[in-house]
Each structure stands twice: as structure tokens, then as C-alpha cells.
Amino acid sequence: MSVPGMTHKIDAEGILYIVFDRQGEKVNLLGKTVLEELARVLEEASRRDDVRAILFASAKPKMFVAGMDVEEISSVNDAYRAAEGARFGQAIFEQVAQIGRPSACAIGGTCLGGGTELALACTFRVAADEPSLRIGLPEVKIGIVPGFGGTQRLPRLVGLPASLDMILTGRGLTAKQAKRIGLVDRIVPASYLEREALGLLRRAAADGIDAVVRSLKRPRPLAARLAGRIGPLRRYVLNQARKKTESKVNPLEYPAPFRAIHAVEAAFLHEMPQGLDYEARVVGELVPTPTSKNLIWLFKSHASLKGDNAGIQAVPRRVRRCSVIGAGVMGGGIAQLVANREVPVRLKDVRYDAILTALRTARSVYDHKLKRRRMTEREVAQKMAFIAPTLDDSGLRQVDLVIEAVVESLEIKRQVLAQAEHHLDDRAVFATNTSSLPIREIAAHAVYPERVVGLHFFNPVHRMPLVEVIKGQRSSPEALATVRSFALALGKVPVVVRDEPGFLVNRILMLYLNEALGLLREGLKIETIDAAMSGFGMPMGPLALLDQVGLDTAGHVADVLKAAFGARLGGDDTLLRAMVASGRLGQKNGKGFYRYRDGKRTTPDAEVYGLLECEPGTEIPPETLQERMVFAMINEAIVCLQDGVVREPRDVDLAMVMGTGFPAFRGGLLRHADSVGIPIVADRLSRLAEAHGERYRPAGSLQQMVREQRRFYA
Ligand code: NAD
């Protein structure tokens with residue numbers, strides 16, 4: 001018997017095999033149909049005496065179950081239906097747990113959300129020794145909590161600290177990590193997976209479940225056990241988790257992790273039925289929130305971006321070896337990223353000390369993982385061994401891709417390209433990480449200009465998910481497809497943009513930063529401007545961001561944009577110039593709009609007002625400040641769409657969230673515009689244009705959208 005997504009059979013030995021296999025897809029999901037079938041099969045099994053054990057498996061390689069179908073979650077708009085949906089799943093998994101026969105999950109690869117919750121309901125969990133395997137509960141990333149018993153069973157199995165870590169970060173564990181905390185019982189080569197699980201089931205059917213579970217000697221660290229059981233200790237651990245979460249996100253913007261802490265606490269305060277009921281009510285509360293809707297929307301957008309070809313009709317070339325030229329801040333970060341994917345990378349610079357610093361920077365990315373015991377020294381050493389430092393061009397012939405990250409000078413970048421072309425194989429791709437120079441200019445004297453593309457990473461490279469893939473005038477589809485596919489392999493979000501000054505993100509961001517400088521000029525305080533935008537949900541205010549980027553660097557980008565777009569994007573560059581002229585470069589030299597101690601931002605620097613001849617005293621409500629800064633960005637994003645810099649609104653929204661930290665709970669810049677209302681945005685921009693100047697004049701296509709009563713998203 002089968003439904004699309006799942007098959008089952010009972011063999012002569014009385015083992016019920018339930019095998020997930022969504023037809024025509026790479027991933028298995030738990031949709032309503034599969035869950036209903038699962039309920040029916042379990043119901044039947046519970047009535048049959050000849051079923052001795054249950055084995056859950058998947059017919060797909062490297063994939064168990066990737067969770068619930070988010071499409072089904074996002075279609076639910078009321079708390080009652082959402083809670084009922086959770087109760088439905090809980091009841092099925094409770095039946096697995098209570099069926100009185102041993103059960104096992106054979107986890108061959110990705111096991112997320114509902115997949116992990118099913119595994120938790122089983123007696124045994126066996127995982128494949130497969131590097132890409134991840135077991136996790138990522139629900140907080142879509143603004144909800146695990147709703148099929150995950151918040152109740154995980155803490156009971158692995159203790160309070162480990163379960164909080166998994167549920168609050170949403171991070172997937174490798175098989176080894178899962179074994180270390182007692183989440184999986186055995187790790188075996190993929191080809192032995194079913195055999196091992198069957199072995200456990202047979203033993204349990206013969207000797208009794210308890211005897212086999214005891215023999216597994218699941219790790220139960222004393223501290224983890226006590227943390228849950230002793231009231232004051234438990235409250236302390238929960239409080240620490242709450243504080244840590246508060247330091248990262250605001251409960252009004254992202255309620256899920258805070259509600260998850262309560263749900264996990266309930267696992268220690270109540271019996272299973274009450275705990276499950278609490279969990280279902282929390283799911284009911286969270287599913288209809290705009291935050292969850294927006295996060296799911298971003299998740300789906302990301303998936304669709306990965307799935308389409310961005311309009312590039314070419315087969316990407318596989319990158320087996322790579323070279324990074326320029327071992328500075330960016331080059332070091334890029335080399336680490338490439339090495340982390342276990343692709344050999346030559347890291348070239350003209351200075352040996354730069355290479356040493358870059359290697360140290362690359363290594364420091366791993367220090368955090370070492371400290372948190374997510375990697376071992378040996379694993380780090382293995383990754384670092386993929387980076388080969390060099391001062392010459394030896395070996396360049398073997399690489400499929402060069403990523404150039406030397407200083408931002410057209411002349412030097414052209415020289416580097418010319419020199420590389422001497423050595424490179426004809427089909428090798430040359431990607432430049434320039435943040436402001438036109439790709440067509442860099443490629444102007446190239447022998448093979450078609451192989452030159454832009455690949456713009458953001459700083460810090462290992463943290464910022466966005467890369468802009470820039471299509472130069474003569475870049476070939478194959479070169480573009482190759483860097484885009486490589487960026488995806490590096491785990492980045494590649495947005496393809498046209499070769500226009502500032503590309504996409506810096507162009508939109510410049511308007512925002514200009515607005516902030518304009519407000520400073522109008523007499524607002526540094527902290528008032530920044531607090532308004534932190535209040536909107538940005539990770540930091542615009543003036544703090546300017547300090548972080550570097551005032552000289554920002555000034556350089558402003559010059560490029562002013563030269564290209566004139567007054568609209570030029571802004572008032574006298575302030576930036578005055579700051580740089582007085583020796584204020586921002587965080588890097590400890591002097592900017594803020595003061596710095598040991599590299600850390602402390603207080604706004606009041607001397608700035610005198611220097612810039614601004615008189616702080618003007619009061620404007622934060623909502624108005626937000627409107628001015630955010631609507632300016634919306635307007636420019638619309639101009640970018642109008643000019644074909646990017647193909648669709650989705651690309652703008654992903655780029656802004658992944659590249660600038662635009663608040664994900666708002667779904668992105670243009671989705672935010674939709675939620676405010678397109679006519680309201682246009683009306684406010686017209687009024688701002690009357691009051692503050694032409695730069696606010698609503699873009700032509702915005703006015704057209706108002707006339708046609710259109711939104712960015714249906
Ligand atoms: P950086 O000054 O830290 O490093 C540049 C490195 O290039 C130096 O180590 C220098 O020795 C080396 N170099 C100079 N000439 C060279 C040559 N001919 N061959 C090999 N190496 C050479 O600069 P960075 O901040 O890493 O920026 C590098 C590039 O990335 C620039 O184009 C910049 O615009 C771009 N970028 C920077 C950031 C950022 O935030 N720093 C963000 C995005 C893009």
C-alpha cells in the first residue's frame with residue numbers, strides 16, 4: 001500500500017517497514033496526506049498481533065524527512081486550526097511512542113523538524129556516518145516552535161541545556177554531535193543503516209525494550225540531569241537562556257524562541273499530556289503571527305532562488321580548484337569559506353605578512369567552533385590544509401576559478417587580471433570581489449573578457465549570507481552560471497545583478513546612510529537616529545554602520561554613486577569628507593560618530609557636532625525618522641527594478657535581508673512596502689519630496705503601481 005510520499009509493508013518476521021519517498025522530489029516532507037496515511041497504518045498495526053516492531057526509513061539517499069511542508073503551515077491563519085494541526089501530529093507520534101512494540105528510525109541524511117520529532121518518538125535512532133547528515137529542530141527559524149512533541153521529548157531524552165541549545169538555535173547536529181548528547185544511539189556506514197536498526201529491533205522484540213535501551217548506555221551527563229530536575233538550577237539555566245536570547249532578538253519581533261523556553265520548561269513541570277497540550281497552544285499562538293508568515297516567506301524565497309537558474313542559460317563548470325588573489329580582510333575570509341567546503345584553494349598575495357594574517361583570520365573562524373566543541377582540532381587542521389599560501393603564480397593553470405580580492409584600484413585589478421590570464425586555462429573563470437568598480441572596466445583589456453564576472457562578498461565573509469553575482473557587459477552565461485553555482489555550494493545566497501554602479505545593495509544602502517547624515521545635519525542626535533533604526537529592527541543604526549564600514553570606504557562608494565547618479569544618490573557628502581579629513585575613519589581607527597574602547601563601540605562622540613557644525617536639538621518622532629530612511633530605500637529599490645538591475649522583487653528582499661540585516665521578521669524591504677500599503681508609501685514619498693527635496697520623488701513605476709492597484713507580491 002502507498003500514498004504519494006510514503007509506502008509500507010509487513011515482512012514475514014513481523015517488522016512493519018514505513019518508508020518515506022516523495023515522488024519526483026529530492027526531499028521527503030510530512031504533509032497532511034502522509035500524516036493521515038501514517039495514522040491509518042499505525043492504527044492498523046496497533047490492532048495486529050503479528051506486528052513485532054516498526055522501522056522508519058527513507059528511499060532517498062542522504063535524506064530522511066526534512067520536516068513539515070511549510071506551504072501547509074503558512075496557509076493556516078487562525079490559532080485554533082494551528083493548534084489542532086499540532087495536536088494531530090502529536091497524537092500520531094504519541095501512538096508510535098505508546099504502541100508497545102519497539103520502533104527505530106534509520107536516519108540516512110537530513111532529518112529536520114517533524115522528521116526529528118518522529119525519531120524522538122521512536123525507541124531507537126540509528127544514523128548514517130554521512131558528512132552532510134543533519135538532525136535538527138529548525139522551527140524557530142520560521143517563527144514557530146516544534147509542534148509534534150519536540151519540545152517535550154527532546155528535553156526528556158537529552159536534558160535541559162542540550163535541548164535548549166538545539167531548539168533555540170535551530171541548528172542541525174552532525175551524527176557525531178547527536179550521538180554525543182544521546183540523541184542517536186548508533187552511527188554506522190550508510191549501507192549498514194537498516195541492518196543495524198533491524199538488529200536493535202529484533203533484540204528488543206526478543207529481550208524486551210528496557211533491556212536493550214539499558215545496554216545502549218545512552219550518555220547522561222550528571223550536570224544535564226540535575227539541570228532539569230533541581231528547581232533552582234533549572235530556573236537558573238532557563239534564565240540564562242532567556243537573557244542570551246534577549247541579547248540577540250527582541251521578543252516582540254521574534255516571539256518564538258521565548259515561547260520555546262516556556263515550552264521546554266513545561267517538559268520538566270508537567271506530565272507528557274499537559275506538556276503536549278501546552279506545546280500545541282504555543283504553536284497556535286505563533287503560526288498566525290506576521291513574523292512567522294514573513295520568515296516562511298523568506299524561507300520559500302530562498303528555496304526558489306536556489307532552485308531557479310536566475311535566467312542564465314548555461315551549464316555551470318565544476319570548480320575543483322580555486323585561487324584567491326589578495327590575502328586581505330576579504331581574501332582571507334573567502335579562502336576559509338572555500339577550504340571549509342574542502343575545495344583546494346591557493347591564497348596569493350604580494351606580501352607574506354598579509355598571508356600570515358589571512359591564515360590567522362581564517363583559523364579564527366574555527367576557534368569559536370572549537371571552543372563550543374562543534375569541531376575537533378584535527379577536523380580544523382584538515383580544513384585549514386586545503387589552503388595553500390603562495391607568493392607566485394605557480395599552479396594557477398590548474399584552477400577553474402580565480403577570485404580576486406586585491407585592493408580597490410582599477411589599475412591594480414587590471415594588472416592582476418592580465419597577469420593571471422598568462423597562466424590560466426582558457427575556460428577558467430575570473431571573478432572580482434570589487435565593491436564599486438564596473439566589471440566592464442576591469443575586463444576592458446582582457447584577452448577573454450567573457451570569463452570576467454563580479455562576485456561581491458560582504459564583510460565578514462563567514463557571517464554574511466549574500467553574494468552579488470555581477471553580470472558584466474561581456475560576461476558569458478557559462479562564467480556566470482559557474483560562479484553562481486559555486487556560491488551556492490559555499491552556502492551563500494547569490495543574487496544576480498547588472499553591472500551598475502553600487503550594484504544593488506550598496507546603492508540602496510547609500511541612500512539610507514545619506515538620509516541618516518541628512519538628519520544629523522537637521523539637528524538630530526547621533527543616538528536618536530540610530531535608536532530609531534534599531535527600533536525598526538536593523539542590527540545597528542546607520543551611523544554605527546558607517547563607522548563599521550569605514551568612513552573613508554563609505555566616502556569612496558558615495559563618490560562613485562554621485563558620479564553615476566548625481567544628486568539623487570549623492571547626498572550631502574561634505575559630512576563624510578569632514579569626518580575623514582579630521583582623521584575619523586570609524587571603528588578601524590577607533591574614531592568615528594562613536595567613541596571606541598578596545599575596538600568596541602562605547603558612546604556617541606559629542607565632538608562630532610562641533611566638527612560638522614550641527615546643532616543637536618531637533619526632535620522628530622522615531623516613526624517619522626524610520627519612514628524617511630526606509631522609504632528612501634524602498635524608492636531606490638523600485639528604481640533598481642525599473643532599470644533592470646535585478647530581475648524581481650524577491651531578489652531585492654533576499655539581498656537586503658541577507659546582505660544588510662534588514663529585519664527578517666518584516667520579510668524584506670518590498671514586502672514591508674506591501675504591508676505598509678503601496679498608495680501610502682507613494683503618498684508619503686510625495687509629501688517628503690515637497691518638504692525635503694526631489695530625492696524623495698516617487699519612482700515612475702511606483703506611481704504606476706498605485707494607478708493599477710498593484711502590490712509587489714500577490
Ligand atoms: P585589504 O586591503 O584588506 O587586502 C587587499 C590585499 O591585496 C592586501 O593584502 C594586499 O597586499 C593585496 N594585494 C595588493 N596588490 C596585490 C597584487 N597585485 N597581487 C596580490 N595581492 C595584492 O582589502 P579588502 O578589504 O580585503 O578588500 C579587497 C577587495 O574586496 C576590494 O576590492 C574591496 O573593495 C572588496 N570588498 C571589501 C569589503 C570590505 O568590507 N572590506 C567588502 C566587500 C568587498
Side-chain angles (χ1 to χ4, degrees), residues 323-337 345-362 388-396 399 402-424 430-439 441-443 452-470 487 492 494-495 497 501-507 509-510 513 545-561 585-589 655 658-661:
S323 170
V324 173
I325 304 182
V329 179
M330 298 303 285
I334 298 167
Q336 184 274 331
L337 202 66
V345 49
R346 316 166 66 260
L347 177 59
K348 187 204 165 180
D349 203 287
V350 284
R351 295 184 297 123
Y352 199 68
D353 57 327
I355 296 180
L356 286 182
T357 313
L359 285 174
R360 264 197 298 272
T361 313
T390 171
L391 290 169
D392 61 33
D393 290 322
S394 57
L396 210 50
V399 307
V402 172
I403 303 175
E404 167 279 302
V406 302
V407 282
E408 188 75 345
S409 141
L410 181 60
E411 197 185 327
I412 296 179
K413 286 194 191 285
R414 278 181 177 168
Q415 272 169 17
V416 168
L417 170 58
Q419 197 174 330
E421 283 202 313
H422 274 304
H423 303 276
L424 286 175
F430 185 95
T432 164
N433 184 43
T434 177
S435 39
S436 62
L437 299 166
I439 310 305
E441 294 280 323
I442 295 175
V452 183
V453 298
L455 184 61
H456 183 209
F457 288 86
F458 290 73
N459 188 15
V461 176
H462 68 287
R463 284 248 187 86
M464 301 300 283
L466 179 71
V467 292
E468 290 176 318
V469 171
I470 301 131
K492 295 292 176 194
V495 169
V497 303
F503 311 130
L504 177 74
V505 166
N506 282 347
R507 173 163 162 188
L509 206 57
M510 206 62 220
L513 300 174
L545 178 63
L546 272 169
D547 271 2
Q548 195 191 62
V549 168
L551 300 175
D552 50 344
T553 310
H556 177 67
V557 178
D559 288 344
V560 171
L561 289 171
L585 302 183
Q587 191 167 5
K588 61 182 150 193
N589 76 342
M658 308 291 183
T660 72

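Indexing begins at 1, ligand by ligand and atom by atom, following the structure's order.
Across every non-hydrogen atom of P501 and V560, the tightest pair is CB-CG1, 4.2 Å.
Of the protein's heavy atoms, D349 OD2, 2.7 Å lies nearest to atom 9 (O) of ligand 1. Counting protein heavy atoms only, atom 15 (N) of ligand 1 is closest to I412 CG2, 3.9 Å. With hydrogens left out, the protein atom closest to atom 37 (C) of ligand 1 is M330 CG, 3.4 Å, a heavy atom. The nearest protein atom to atom 22 (C) of ligand 1, hydrogens excluded, is given as V406 CG1, 3.4 Å; this is a heavy-atom distance. When hydrogens are left out, the protein atom nearest atom 1 (P) of ligand 1 is G328 CA, 4.0 Å; that is the closest non-hydrogen contact. Among protein heavy atoms, the minimum distance from atom 28 (C) of ligand 1 is reached at A405 O, 3.2 Å. Looking from atom 19 (N) of ligand 1 to the surrounding protein, the closest heavy atom is V350 CG1, 3.7 Å. Remark: minimum distance from atom 2 (O) of ligand 1 to any protein heavy atom is reached at V407 CG1, 3.9 Å.
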Should N459 and M464 be marked as a side-chain contact (heavy atoms from CB on, under 4.5 Å) after you check the CA-CA gap, both sets of side-chain angles, and the distance that decides it? CA-CA 7 Å; N459 188 15; M464 301 300 283; 5.9 Å; no
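Of the options L396, L424, D393, a side chain to side chain contact (heavy atoms under 4.5 Å, CB included) to S323 is made by L396 and by none of the others.
Considering only heavy atoms from C-beta on, V453 stays 4.5 Å or farther from I439 through its side chain. Residues N506 and H456 have side chains in contact (heavy-atom distance under 4.5 Å, counting atoms from C-beta outward). Residues T357 and R360 have side chains in contact (heavy-atom distance under 4.5 Å, counting atoms from C-beta outward). Side-chain contact between Q336 and T361: absent, with no pair of heavy atoms (C-beta onward) separated by less than 4.5 Å.
Listed by number with element, the atoms of ligand 1 under 4.0 angstrom from any heavy atom of N459 are 39 (C), 40 (O), 41 (N). Every atom of ligand 1 with a heavy atom of K413 under 4.0 Å away is listed here by number and element: 31 (C), 32 (O). Less than 4.0 angstrom separates some heavy atom of G326 from each of these atoms of ligand 1: 7 (O), 21 (N). Taking a cut-off of under 4.0 Å to the non-hydrogen atoms of V416, the atoms of ligand 1 that pass are 17 (C), 18 (N). Which parts of ligand 1 touch S435 is read off a 4.0 Å heavy-atom cut-off, strictly below it: atoms 33 (C), 34 (O), 35 (C), 36 (N), 44 (C). The R351 neighbourhood of ligand 1 comprises atoms 8 (C), 9 (O), 11 (O), with distances under 4.0 Å to a heavy atom of that residue. Within the listing of ligand 1, atoms 43 (C), 44 (C) sit less than 4.0 angstrom from a heavy atom of H456.
Residue contacts with ligand 1, taken as heavy atom pairs separated by less than 4.0 Å, involve V329 via backbone and side-chain atoms alike. Within the 4.0 Å heavy-atom criterion, the part of F457 lying near ligand 1 is the backbone and not the side chain. With a 4.0 Å cut-off on non-hydrogen atoms, A354 touches ligand 1 through its side chain and not its backbone.
No donor-acceptor distance shorter than 3.5 angstrom exists from the side chain of E404 to the backbone of F430, with no hydrogens or angles considered. In this structure, E468 contributes its side chain and L504 its backbone to a donor-acceptor pair below 3.5 Å. The closest donor-acceptor contact from the side chain of R346 to the backbone of V402 lies at 3.5 Å or more, if one exists at all. Counting only distance, with no hydrogens or angles, the side chain of N433 and the backbone of A405 share no donor-acceptor pair below 3.5 Å. Formation of a donor-acceptor pair under 3.5 Å by the K348 side chain with backbone atoms of I355 is not found in this model.
Under a 4.0 Å heavy-atom criterion, Q415 is not in contact with ligand 1.
Residue E408 has at least one N or O atom closer than 3.5 Å to an N or O atom of ligand 1. In terms of polar-atom proximity, T434 is not counted as a contact of ligand 1, lacking any N or O under 3.5 Å from an N or O of the ligand.
Note that the CZ atom of R414 and the CD atom of E411 stand 9.0 Å from one another [nearest 0.5 Å].
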